[in-house]
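What follows is a single structure, written as structure tokens, with notes after it.
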Protein chains: 2
Amino acid sequence: MAQKQENLSKNQKIVLDFIEKANQPLKAYSILFNVQKKGLKAPPQVYRALDRLVEIGKVHKIESKNAFVACKNSNCTISNATAFSICDGCEKVTEISNPKLSKYLSGFQDNSGMKYNKYNLEFFGLCKKCR
Amino acid sequence: MAQKQENLSKNQKIVLDFIEKANQPLKAYSILFNVQKKGLKAPPQVYRALDRLVEIGKVHKIESKNAFVACKNSNCTISNATAFSICDGCEKVTEISNPKLSKYLSGFQDNSGMKYNKYNLEFFGLCKKCR
DNA sequence: TTGAAAATGTTATATTATAACACTGTTACA
DNA sequence: TGTAACAGTGTTATAATATAACATTTTCAA
Ligand SMILES: [Zn+2]
Ligand SMILES: [Zn+2]
Ligand SMILES: [Zn+2]
Ligand SMILES: [Zn+2]
């Protein structure tokens, strides 16, 4: 159910706008601080926008960092299948876009009887510069 | 660098003991509440024990839930390669032990120049009962 | 038009986690 | 045996992350 940006509400646009300009994960309260000039004064306004943006796949949450990053895949239908590369040195986070990986994981099944419809994968390591 | 339980400190033993008996993820403050009778009265005592237990692989953190669960793999050398199955219905969390999956992910490389040494994967879905 | 759903604004509070500092135990080895 | 290094402990306070609750407004399709 990908939603076009034109359909976003005012607060959702403001928050997405700021996150997209950042091209790095942002903390909710850092977003809040930075959009106060735009009229969003309280945490719930930011968290509600984030919740919706995450729901529609425009934004992903980096769970290990409690931070939010804009989706870099033009096609948002894979918001239920996310993979990230995280450098423990410089904290750089990149969304992995690897068809083989996503195909492998989307098709993953075990004998537990679980029916999976979503996954989130976070890889950690060191980037070139940090080695 | 797997560490034997005998090497654990008093607080670490108390916390691990409680988590192991739970066979489900526990929140830090729920652990704190439950070990107060054992003398751990303040958050840092629990968080410090958790930090160490996570570090040595005895406990894993379920990032999407801010909860902690005992490692079910007798062999703790894979604490840098974790995968979980999470039911969105009943919240049941199971550590996935699947050699093919872990081999695939441990060997994963992309052309970004990142050298990975750790990953965490969380699958979401519905278990048999919750479907 | 009107009513349901979504979004907003606001205050207060809950939940999760760490900083800082004084003190204690354990280990190694000069 | 002294003593230095280090890990662990106890404690208070506070930082950081997130949601509850409720009144109001906007949107938009039936
Ligand atoms: Zn994405
Ligand atoms: Zn780096
Ligand atoms: Zn494990
Ligand atoms: Zn279930």
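By convention in this document, chain letters (A, B, ...) are assigned in the order of the sequence lines, proteins followed by strands, and residues within each chain are numbered from 1. All values below come from the heavy atoms of this structure, side chains included, with hydrogens, waters and symmetry mates left out.
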Checklist entry - Under the 3.5 Å rule, do the base of C:dA17 and the side chain of B:Tyr29 count as making a donor-acceptor pair? => result yes
Item to check | Distance test, side-chain N/O of A:Lys27 to OP1/OP2 of D:dT17, below 4.0 Å | outcome: yes
Checklist entry - Just how far, in rounded Å, is P of D:dG8 from CG of B:Leu16? => result 14 Å
Checklist entry - For B:Arg52 and D:dA7, what is the distance between atoms CZ and P respectively, to the nearest whole Å? => result 9 Å
Item to check | Option from B:Asn120, B:Val69, B:Thr82 for which side chain to side chain contact (heavy atoms under 4.5 Å, CB included) with B:Ile62 holds | outcome: B:Val69
Checklist entry - Between B:Tyr47 and C:dT18, does any side-chain N or O lie under 4.0 Å from OP1 or OP2? => result no
Next on the checklist: Check this one for me: any side-chain N or O of B:Ser9 less than 4.0 Å away from OP1 or OP2 of D:dA7?
Outcome noted: no
Checklist entry - Between A:Pro44 and A:Ser30, which is nearer to the 5' end of DNA chain D once each is assigned its nearest nucleotide? => result A:Ser30
Checklist entry - Below 4.0 angstrom, N of the basic side chain to O of the carboxylate: do A:Glu91 and A:Lys65 qualify? => result yes
Item to check | Value in whole Å for how far the P atom of C:dT18 lies from CG of B:Leu32 | outcome: 14 Å
Checklist entry - For the residue pair B:Tyr119 and A:Phe123, does the interplanar ring angle fall in the parallel (under 30°), tilted (30 to 60°) or perpendicular (over 60°) class? => result perpendicular
Next on the checklist: Please report the distance, rounded to the nearest Å, between CG in B:Leu50 and P in C:dT18.
Outcome noted: 10 Å
Checklist entry - From the list D:dA18, C:dA17, C:dT10, which nucleotide is the closest neighbour of the side chain of A:Ala42? => result C:dT10
Next on the checklist: B:Ser9 vs B:Asn11, test: side-chain hydrogen bond (donor to acceptor under 3.5 Å, both in side chains). Steps then yes/no.
Outcome noted: CA-CA 6 Å; B:Ser9 75; B:Asn11 288 0; over 6 Å; no
Item to check | Over 12 non-hydrogen atoms of neighbours within 6.0 angstrom of CD in B:Gln36 | outcome: yes
Item to check | Presence of A:Asn66 side-chain N/O under 4.0 Å of D:dA16 phosphate oxygens OP1/OP2 | outcome: no
Checklist entry - For B:Lys65, which contact category applies under a 4.0 Å heavy-atom criterion: base, sugar-phosphate, or nothing? => result nothing
Checklist entry - According to the interplanar angle, ranging from 0 to 90°, do the rings of B:Tyr104 and A:Tyr104 count as parallel (below 30°), tilted (30 to 60°) or perpendicular (above 60°)? => result parallel
Next on the checklist: When you measure from the side-chain N and O atoms of B:Lys10 to the phosphate of D:dG10, is any distance below 4.0 Å, counting only OP1 and OP2?
Outcome noted: yes
Next on the checklist: Do B:Ser30 and B:Phe68 make a side-chain contact, defined as non-hydrogen atoms from C-beta onward lying under 4.5 Å apart?
Outcome noted: no
Checklist entry - Could you give the CZ-to-C1' distance, from A:Phe33 to D:dA18, as a whole number of Å? => result 20 Å
Next on the checklist: When you measure from the side-chain N and O atoms of B:Lys61 to the phosphate of C:dA17, is any distance below 4.0 Å, counting only OP1 and OP2?
Outcome noted: yes
Item to check | Protein-nucleotide distance (A:Leu53, atom CG; C:dA6, atom P), rounded to Å | outcome: 16 Å
Checklist entry - Given axes from five pairs at either end, by how many degrees does the helix from C:dT1-D:dA30 to C:dA30-D:dT1 bend, rounded to 10°? => result 30°
Checklist entry - Do the side-chain N or O atoms of A:Gln45 get closer than 4.0 angstrom to the phosphate oxygens (OP1, OP2) of C:dA7? => result no
Checklist entry - Does A:Asn11 put a side-chain nitrogen or oxygen below 4.0 Å from OP1 or OP2 of C:dG9? => result yes
Checklist outcome for this item: Taken to the nearest whole Å, CG/B:Asn7 to P/D:dG8 is 10 Å
Item to check | Sub-4.5 Å side-chain heavy-atom contact between A:Asn80 and B:Phe124 | outcome: no
Next on the checklist: Tell me the interatomic distance from A:Arg48, atom CZ, to C:dT11, atom C1', rounded to whole angstroms.
Outcome noted: 12 Å
